[in-house]
2 protein chains.
Amino acid sequence: MRSAERRATLADVAARAGVSKSLVSLVMRDEPGAGVATRRRILEAADELGYHPDSRARLLRSGRSRLLGVVFGIQHDFHGDLVTDLYTAARETGYEVALSAVTPGRDEREATAGLLQDRCEALILLGPQEPTASLARLATRLPVVVLARSVRDPAVDVVRTADAEGLRQAVDHLVRLGHRAIVHIDGGRAPGAAERRRGYRDAMRSHGLDGYARIIPGGLTEEEGAAAARVLLDDVPTAVTVFNDRCATGVLDVLARHGRAVPGDVSVVGYDDSRLARLAHVDLTTVAQDAVTMTRLAVGRAIDRIEGAAVARREVVVPPRLVVRGTTAPPLH
Amino acid sequence: MRSAERRATLADVAARAGVSKSLVSLVMRDEPGAGVATRRRILEAADELGYHPDSRARLLRSGRSRLLGVVFGIQHDFHGDLVTDLYTAARETGYEVALSAVTPGRDEREATAGLLQDRCEALILLGPQEPTASLARLATRLPVVVLARSVRDPAVDVVRTADAEGLRQAVDHLVRLGHRAIVHIDGGRAPGAAERRRGYRDAMRSHGLDGYARIIPGGLTEEEGAAAARVLLDDVPTAVTVFNDRCATGVLDVLARHGRAVPGDVSVVGYDDSRLARLAHVDLTTVAQDAVTMTRLAVGRAIDRIEGAAVARREVVVPPRLVVRGTTAPPLH
DNA sequence: GGGTGAACCTGGAACGTTCCAGACTGTGCG
DNA sequence: CGCACAGTCTGGAACGTTCCAGGTTCACCC
């Protein structure tokens, strides 16, 4: 069943190849300084013994972990997308990603504590809900990069989308289609909600639609979207912009159940371009956050901080991009 | 900004408290063998220095990692639920959970490789798609527990739901409501699909409804559910059992868009009782997999194997439970 | 008053790496 | 011929823990 033998170590490989530990170490790390013949011999020996370096010992000695800690919400589809791209962004950098999930039974403090224990060299937090002060305290211990939320603290790096701009694009699109009664379903205290709200207000104003502007409390879950949509049923606008895709899903669902055609009766715009929105049967017009760019920037920024490189701006704002799909169309009346 | 000082070590604490490293180590691990006064003094010193044990060194020396590696699909809602419960199941055991995600750009091999590098002592795989042979090979290196899939290999532990029984319960429920034309939307090659299919067939037969039995190819995603539902529109049954909740969501969506009332025109039953199903606006009748029990069993089993305890059965089958919600009702005609 | 434990504490050797200083070749050059 | 130098390679000291074999102290008992 399980192989009972002790794992092979550097010393074992060295003995078998008839060289010193140091040289094996060198070869394993692909550093120059070993002859080509010896190198091959060592690699063979390692292979025969099934040697795999022990990262604990390695990290202990080198004093580094080359680990980027990532805290994400396991229930957030968009976080899933970000994690996916974080893995690829980290792939070529020589750093690895260590995941720690926020769940209904495991808060951010616990999630970050776990990563600190593992000696991550930097933390990347996806849309954290912790107050700025806590994040600032964390940032005194190691570099912290916050993704998809704005944090005003000189010690915390931020990579986020220009959320206000995103909502402006959404409203512009709807207005161009001929909509005037455009309602915004809001994200409350969620990261980014305030700015999206502001973007909506400004955009409505700039189109001279102040009178139509209307904000309904929503949230970041399907539930909250559904609740908001039910409120809407009494007095249906021709278009809705929603805080995020997940919430928009709830809206779509309630509208469908009450016989309101989308986009016939109501146009709906989401936010995030998460997996959800891209599904063929949802086909949601949405504001895409450029996850690939954001994750690449976040990883780069974290590594810069770790390696002490000069960092120009503490906050990087990535432009959003409206993705027009099937849930928006000109109003019928 | 970042505190430049070196981290405090055992030796620092020992020096400050005026005792030996060994004693500090002891106290930090909460082992007996230190006087109450000294203990307090040491804890104080540690606190003042902001000492946190270095897990790398600790694990290196003790030869153990106390880490349970968990491989999960980041896009699977039900996996999210399982991860949530795995964390709580592990909380009291002295073992920790290390997460490794399967994403569109990162396959299971890569995910497990990462965990092996971290020296996890056992692996818990959520609904893995890898062939039995690969899993068996993995199991020669360390204990492997597969969750929510059946694997016929003497070296691999399995904790799964009695899937056939689940579908039987679903069909029984529908028949009791008066349905006869009950269609099953299938999961194809997904883990568990074959057994659910079998459960459906057997249940239909045992109710003498062979003639009505009809299986439509589906899958495990919303997309595939939606596609299956569109096929169904030509010849709508009065009830549908669906491979999983995620797929059922796609079904519900297409039905709603085509003006079919649920449960008025069609009753729908999902599988998993994932977060999705519990959402108030979805309110899906579904077959619950007992995630709490399953995760607890999986963690317990993994630890038993690690610690060499005798293990009675290689496979544990947990009974499912039908959760009746709002998507099932008697047929109208 | 000597012996016996228990209770408390210490020193130093591991664990498997990396890093550093230096040793040994052989080659090219003045 | 002697010297410098690059290219290889070695030995041993870290890294921060845990573990083990012991060393003290002190109360208690005969």
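Chain letters run A, B, ... following the sequence lines, proteins first and then strands; every chain starts at 1.
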- side-chain hydrogen bond (donor to acceptor under 3.5 Å, both in side chains) partners of A:R39, counting only residues at least two apart: none
- Item | Close residues, residues 39-53 of chain B, relative to DNA chain C [heavy-atom separation under 4.0 Å] | none
Can you give the donor-acceptor pairs under 3.5 Å from side chains of residues 75-82 of chain A to other protein atoms, not counting sequence neighbours?
{"unit_1": "A:H76", "atom_1": "ND1", "unit_2": "A:R246", "atom_2": "NH1", "d": "3.4"}
{"unit_1": "A:D77", "atom_1": "OD1", "unit_2": "A:R275", "atom_2": "NH2", "d": "2.8"}
{"unit_1": "A:H79", "atom_1": "ND1", "unit_2": "A:G73", "atom_2": "N", "d": "2.9"}
{"unit_1": "A:D81", "atom_1": "OD2", "unit_2": "A:R275", "atom_2": "N", "d": "3.1"}

- Query: Which nucleotide, C:dC19, C:dT17, D:dG16, lies nearest any side-chain atom of B:A57?
  - Reply: D:dG16
- Item | Bending between helix ends of the helix from C:dG1-D:dC30 to C:dG30-D:dC1 [5 pairs per end, 10° resolution] | 60°
- Looking at B:R301 and B:D157, does any basic side-chain N land under 4.0 Å from a carboxylate oxygen? yes
- A:L10 CG to C:dC15 C1', straight-line distance once rounded to whole Å: 12 Å
- Does A:S134 have any side-chain hydrogen bond (donor to acceptor under 3.5 Å, both in side chains) partners at least two apart in sequence or in another chain, and if so, which? A:E130
- Message: What is the separation between atom CG on A:L59 and atom P on D:dG16, rounded to the nearest whole Å?
- Response: 13 Å
- Message: How many whole angstroms separate atom CG of B:D54 from atom P of D:dA14?
- Response: 18 Å
- For A:R40, which residues count as a salt bridge (Lys or Arg N to Asp or Glu O under 4.0 Å) partner, sequence neighbours excluded? none
- Using whole Å, report how far CZ of B:R64 lies from C1' of D:dT18. 13 Å
- Residues two or more places apart in sequence or in another chain: which of them pass side-chain hydrogen bond (donor to acceptor under 3.5 Å, both in side chains) with A:D118? none
Please enumerate all protein N or O atoms sitting under 3.5 Å from an N or O of nucleotides 23-25 of chain D, with distances to 0.1 Å.
none

- Could you tell me whether the side chain of B:R296 and the main chain of B:L86 form a donor-acceptor pair under 3.5 Å? no
- Summary of salt bridge (Lys or Arg N to Asp or Glu O under 4.0 Å) pairs that have at least one residue in residues 89-99 of chain A, sequence neighbours excluded: A:R91-B:E110
- Whether B:T38 side chain and B:A34 backbone form a donor-acceptor pair below 3.5 Å: no
- Query: So, A:T161 side chain and A:Q289 main chain: donor-acceptor pair closer than 3.5 Å or not?
  - Reply: no
- Message: Less than 4.0 angstrom between a side-chain N/O of A:S20 and OP1 or OP2 of D:dT10, yes or no?
- Response: yes
- Query: So which of residues 22-36 of chain B are in contact with DNA chain D, with a heavy-atom cut-off of under 4.0 Å?
  - Reply: B:S22, B:S25, B:R29
- Supply the atom-to-atom distance A:L99 CG to B:I74 CD1, rounded to the nearest 0.5 angstrom. 6.0 Å
- Can you check whether B:T38 has a side-chain N or O nearer than 4.0 Å to OP1 or OP2 of C:dC9? yes
- Query: How long is the line joining CZ of A:R56 and P of D:dT18, in whole Å?
  - Reply: 13 Å
- Under 3.5 Å: donor-acceptor pair, side chain of B:E121, backbone of B:R66: yes
All N/O donor-acceptor pairs, side-chain side in residues 14-23 of chain B, below 3.5 Å, sequence neighbours left out:
{"unit_1": "B:R16", "atom_1": "NH1", "unit_2": "B:E48", "atom_2": "OE1", "d": "2.0"}
{"unit_1": "B:S20", "atom_1": "OG", "unit_2": "B:L23", "atom_2": "N", "d": "3.3"}

- Donor-acceptor pair under 3.5 Å: do we get one between A:R58's side chain and the base of C:dT17? no
- Do A:K21 side-chain and D:dT10 base share a donor-acceptor contact under 3.5 Å? no
- Task: Tell me, please, which residues at least two apart from A:Y95 pass side-chain hydrogen bond (donor to acceptor under 3.5 Å, both in side chains).
- Result: A:R64, A:E307
- Note on the structure: Comparing B:G18 with B:R61, nearest DNA chain C nucleotide closer to 5' gives the residue B:G18
